[in-house]
Amino acid sequence: MKALLIVDVQNDFTPGGALAVNEGDQIIPIINKIQGKFDLIVATQDWHPENHGSFAANHTDKKVGDFIQLNGVMQILWPVHCVQESSGAEFHKDLNTSQVAKVFQKGTNPLVDSYSGFFDNNKNGDTGLSDYLKSEGVREIYVCGLAADYCVKFTVLDGIDEGFKTYLIQDATRAVNVKEGDFEKALEEMEDHGAFLINSKEL
Ligand code: VGL
Ligand code: ZN
């Protein structure tokens, strides 16, 4: 069984959003087109409470891009984004979600960020994604979405650690690129960890 994991294709990560990823909307037609190739489709959704510790606005004298220790874990601070029930947290209107079997929400604990669709950044807080995929008989996961250097990367790394044969669909992701070269660095990290980097044409 092959599953497609669509990571965080939400308004706030696409142009015009609070934490917009450059060209983040350009991957949507590709994701829609490839859905038919998979046995199962799941999506993740960044889903923060307003008081989330990853928001610069929730810390005095801190700005976006600063680093803090959040519950003992190094945390870069973001603009307020993907607040639960807000329009920024909704899936982009052009994304076809009609075939999505289940949505896994993450980042709900204000004390810890959650980039991976599987676990919180401190490796506690399991979203249930791994057990769900295994219960459905999935052995191979294909990851796409936003952002390549954060949520997509950590989902890929955890997917490998969870025992899935894990593919990154390179043309169906884009990076935040806080620093120049972050996209290339993320690709390298994923490949070094055992991910297979492919393009949608190869599917
Ligand atoms: C993400 C930063 C903060 C992502 C989520 O989806 O890549 N990045 N929250
Ligand atoms: Zn977030």
Side-chain angles (χ1 to χ4, degrees), residues 4-28 31 42-59 62-68 70-71 73-92 95 97 100 103-122 124-125 127 129 141 143-159 166 168-170 172-179 181-187 189-190 195:
L4 179 67
L5 265 63
I6 305 172
V7 175
D8 298 3
V9 180
Q10 294 165 262
N11 289 328
D12 272 341
F13 296 124
T14 45
L19 181 37
V21 176
N22 195 25
E23 301 183 350
D25 53 341
Q26 293 189 15
I27 66 174
I28 296 170
I31 297 173
V42 300
T44 67
Q45 193 174 28
D46 212 34
W47 195 248
H48 299 305
E50 259 174 12
N51 65 343
H52 198 266
S54 74
F55 298 164
N58 290 330
H59 303 274
K62 295 286 176 206
K63 58 184 191 318
V64 170
D66 286 350
F67 287 89
I68 60 160
L70 186 61
N71 239 353
V73 178
M74 179 80 121
Q75 173 72 48
I76 189 169
L77 294 176
W78 301 110
V80 174
H81 65 277
C82 296
V83 171
Q84 294 170 6
E85 314 291 349
S86 71
S87 59
E90 285 170 17
F91 291 118
H92 191 284
L95 180 71
T97 55
V100 173
V103 175
F104 292 84
Q105 296 175 330
K106 61 189 180 60
T108 56
N109 179 351
L111 298 176
V112 58
D113 212 353
S114 186
Y115 295 141
S116 157
F118 292 95
F119 306 105
D120 289 344
N121 289 1
N122 59 14
N124 287 324
T127 62
L129 175 57
I141 58 173
V143 185
C144 63
L146 304 168
D149 40 357
Y150 285 93
C151 291
V152 167
K153 179 181 88 175
F154 286 100
T155 300
V156 164
L157 298 179
D158 279 350
T166 304
L168 172 77
I169 309 170
Q170 290 182 92
T173 186
R174 290 291 189 280
V176 182
N177 279 322
V178 172
K179 289 197 299 291
D182 278 358
F183 182 50
E184 290 72 19
K185 232 175 83 187
L187 291 177
E189 255 182 85
M190 290 185 267

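Whatever order the structure lists them in is the order used to number ligands and atoms, beginning at 1.
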What are the polar N/O contacts of ligand 1 with the protein below 3.5 Å, with distances?
from, atom 1, to, atom 2, distance (Å)
ligand 1, 6 (O), D8, OD2, 2.7
ligand 1, 6 (O), L146, O, 3.4
ligand 1, 7 (O), A147, N, 3.0
ligand 1, 7 (O), C151, N, 3.1
ligand 1, 9 (N), D46, OD2, 3.1
ligand 1, 9 (N), H81, NE2, 3.1

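Taken to the nearest 0.5 Å, the NE2 atom of H52 stands 8.0 Å off from the CG atom of D46. Rounding to the nearest 0.5 angstrom, the gap separating the CG atom in N121 from the CZ atom in F154 is 6.5 Å.
The number of protein N/O/S atoms found under 2.8 Å from the Zn ion (ligand 2) is 3.
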Walk me through it: do F104 and L5 pass the test side-chain contact (heavy atoms from CB on, under 4.5 Å)?
-> CA-CA 10 Å; F104 292 84; L5 265 63; over 6 Å; no
Pair D113-W78, side-chain contact (heavy atoms from CB on, under 4.5 Å): steps then yes or no = CA-CA 11 Å; D113 212 353; W78 301 110; 3.7 Å; yes
Yes or no on side-chain contact (heavy atoms from CB on, under 4.5 Å) for K153 and Y115, after CA distance, side-chain angles and deciding distance?
-> CA-CA 8 Å; K153 179 181 88 175; Y115 295 141; over 6 Å; no
Dump the intermediate steps for side-chain contact (heavy atoms from CB on, under 4.5 Å) on L146 and T14, then the final yes or no.
-> CA-CA 9 Å; L146 304 168; T14 45; 4.0 Å; yes
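Aromatic rings of H81 and F13 (six-membered ring for Trp) have centroids within the 6.0 Å cut-off, being under it.
The shortest non-hydrogen separation linking L187 to L168 is CD2-CD2, 3.4 Å.
For the side chain to side chain donor-acceptor pair (under 3.5 Å) test with S116, the passing option among T44, T127, D158 is D158; the others fail.
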